[in-house]
Amino acid sequence: MKLTILGGGGFRVPLVYGALLADRGEGRVTRVVLHDVDDRRLRAIGRVLSAQASGVPDAPEVTGTTDLDEALHGADFVFSAIRVGGLEGRAHDERIAFAEGVLGQETVGAGGIAYGLRTVPVAVDIARRTARLAPDAWVINFTNPAGLVTEAMSRHLGDRVIGICDSPVGLGRRIARVLGAAPEEARIDYAGLNHLGWVQGLWVDGRDRLPRLLADPALLESFEEGRLFGAEWLRSLGAVPNEYLHYYYFHREAVRAHGGGPTRGSFLHDQQAGFYTRVTDPDTPALDLWNRTRAEREATYMAENRETAGAGERAAEDLSGGYEKVALALMRAIARDERARLILNVRNRGTLATLDAEAVVEVPCLVDARGAHPESVSPLPDHAAGLVHAVKAVDRAVLAAAGSGSRAQAVKAFALHPLVDSVNVARRLVDAYGAVHPGLAYLG
Ligand code: G6P
Ligand code: MN
C-alpha cells in the first residue's frame, strides 16, 4: 500500500512514520512517498526516518520527491500536512494581527483567516490533481485551519477527504480518564467545527457520565480543559469546550497575553530553523535531536493561555501528541474495513440540523471501508450554534475570496469574524497581509 505525505519534510512526519513502523498488521503501508517543495527539508526528515527504521524488519520503504504529480500518482492514501508560507508566514500572521489588537493564532480569528486565504488555493490544486491522478485515494487532511481546508478540498473530492485534529480526541480521552472510564468504551457526544466544538455528554454503558463530572469542581479542575476554563464556567455552560474556545471565552486575556513577547510562530520558526540546520550535520544523532525538539514544542503548546488561566504545566500524559494515532486509526479502519469510532471533520449531511449538508463539521464518526459516517449528536445550545454559524460564514467568505480573487470577500471574511471588531480593522488587515504574503497576490 502506498502512502503519500504532502509536507513530507515537515517536523511531525517522524510521528507518522513511527506509528507506521509499529503497525505489523495485514495490509499495512509498505511504501511511503514524501513530497515537499523544499528538498533540504526532505533530506533532513529522511535522516530522522532512517534512524527510526534502523533495526526494524520490513520497515516501509521511504522515498522523497519535489514533484507533486509523481507523488500523488497511484497513491492509496494521501496525508496532506502542508504549511503554505512556512513558519515565517505563521509569524507574520500573528505579528500583523497583534499590531491591530486582534488574535493571530493560526486557526482562530484574523490569523486563521490569513492562513486560510493563502492555503485554500494550494489545497484546491492538490485536491484537483488527486482527483485526476489517484481517483481512488483517500485524502486525510492535517493542514490547518483544518475544517476550512477540508471543506475546500471536499468540493473536489467529496467524502474522500477527511480532516483530522487531535484536540477533540485528547479532550475525550482526558474526560474519560478522570471519570475512570476506558476511552475506547466511552461514546463522546461532541460537536461543532474544528477548534470550535463542545462535549455535551460522555456515555458509558448507556449512562451519561458528564453530569457527575460537572458536579465535581475538584474533578473538573484535575484536567487540562477544566483548569483552562475553570469549574464554575464549565458548570455554567453545562458542557466542556475544546481548548481553542479559550480564545473566545477569554478573548481579552488572550490578546493581552499573546501580544507581548515572541509569538508561537516566531518561537517555532527559530526552533525549527535550528533543528533543520543541525540535523544534517553527520555527527548529530538525528533522532535524539528530533525528540528533544519535539518535547520542547509539546511542553510549550498553548503556554500563554495556560498562564493567563493559572493552569500550570501540561500533564505528562498529554505530551505524547496524537495526530498520528488518529490518522493511522482512520487509515486502518478504511483500508481493512475495521470499524472504528473517531471524531473527524466531514461533511455535515444533516448531523447538525442548523447547518447545510455540505458544511464540514467536527463530529464523532463511524469509519469503515466506505469512509466516515457521522453519528447523531445532541443539538448545540443557542450560543454554541451562534458561534458555529458565525465562523462558518467566515469560512465561506474565505472560500469565496479564494475562488474569485475578490478583495471584498476577503475583507468580509475578516470583518464577519466575532473576534475582529471593526470593518476598518478588516480592511487594514487585508492590506497588511497582502503586502507580506506572496501567496495572497491573487487578491485583486
Ligand atoms: C494541536 C492542534 C493542532 C496544532 C498542534 C500543534 O494538536 O489541534 O491543530 O497543529 O496542536 O500546535 P503548534 O503550536 O505546536 O504548532
Ligand atoms: Mn487541530
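These figures come from a predicted structure and were not determined experimentally. Start at 1 and go down the list; that is how both ligands and their atoms are numbered.
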Near Asp166 (heavy-atom distance under 4.0 Å), the atoms of ligand 1 are 1 (C), 2 (C), 7 (O), 8 (O)
With a 4.0 Å cut-off on heavy atoms, does Phe142 reach ligand 1? no
Quick one: which ligand 1 atoms are inside 4.0 Å of a heavy atom on Cys165? 8 (O)
Between His383 and Tyr248, does the ring centre distance come in under 6.0 Å? no
Can you confirm whether the side chains of Asn141 and Thr150 place a donor and an acceptor under 3.5 Å from each other? yes
Between Asn242 and Ser167, is there a side-chain donor-acceptor contact under 3.5 Å, judged purely by atom types and distance? no
Could you find the nearest protein heavy atom to atom 3 (C) of ligand 1 and give me its residue, atom name and distance? Tyr323 OH, 3.1 Å
Which ligand 1 atoms does Glu106 reach within 4.0 Å, using its non-hydrogen atoms? 10 (O)
Check each atom of ligand 1 against the heavy atoms of Asn144 and keep those under 4.0 Å away; list them by number with element. 3 (C), 4 (C), 9 (O), 10 (O)
Does at least one non-hydrogen atom of Arg294 fall below 4.0 angstrom from an atom of ligand 1? no
Counting from 1 in the order shown, the ligand 1 atoms closer than 4.0 Å to a non-hydrogen atom of Arg297 are 13 (P), 15 (O), 16 (O)
Atom 6 (C) of ligand 1: which protein heavy atom is closest, and how many Å away? Arg12 NH2, 2.7 Å
Which of the numbered atoms in ligand 1 are below 4.0 angstrom from a heavy atom of Ser167? 2 (C), 8 (O)
Nearest non-hydrogen protein atom, atom 11 (O) of ligand 1: Tyr301 CE1, 3.1 Å
Report yes or no: do Glu362 and Tyr190 form a side-chain donor-acceptor pair below 3.5 Å? yes
Counting heavy atoms only, which part of Tyr244 comes closer than 4.0 Å to ligand 1: side chain, backbone, both or neither? side chain
Under a plain distance cut-off of 3.5 Å, with no hydrogens placed, do Thr263 and Glu94 share a side-chain donor-acceptor pair? yes
For Arg83 and ligand 1, does the shortest N/O to N/O distance drop below 3.5 Å? no
If you measure from atom 13 (P) of ligand 1 to every heavy atom of Arg264, Glu298, Gln105, Met302, which option wins on shortest distance? Arg264
Between Thr107 and ligand 1, find which residue part has any heavy-atom pair under 4.0 Å and reply side chain, backbone, both or neither. neither
Numbered atoms and elements of ligand 1 in range of His195, under 4.0 angstrom, heavy atoms: 2 (C), 8 (O), 9 (O)
Cationic tip of Arg12 above Tyr323 ring, under 6.0 Å, 45° of axis: yes
Flag the pair Arg173 and Asp166 as a salt bridge only when some basic side-chain nitrogen lies within less than 4.0 angstrom of an acidic carboxylate oxygen. no
If you measure from the Lys or Arg side-chain nitrogens to the Asp or Glu carboxylate oxygens, is any gap between Arg174 and Glu317 under 4.0 Å? no
Should the ring pair Trp290 and Phe11 be called parallel, tilted or perpendicular, given that the plane angle runs from 0 to 90° and is split at 30 and 60? tilted
Decide if atom NZ of Lys412 counts as having more than 12 heavy atoms of other residues, nucleotides or ligands within a radius under 6.0 Å. no
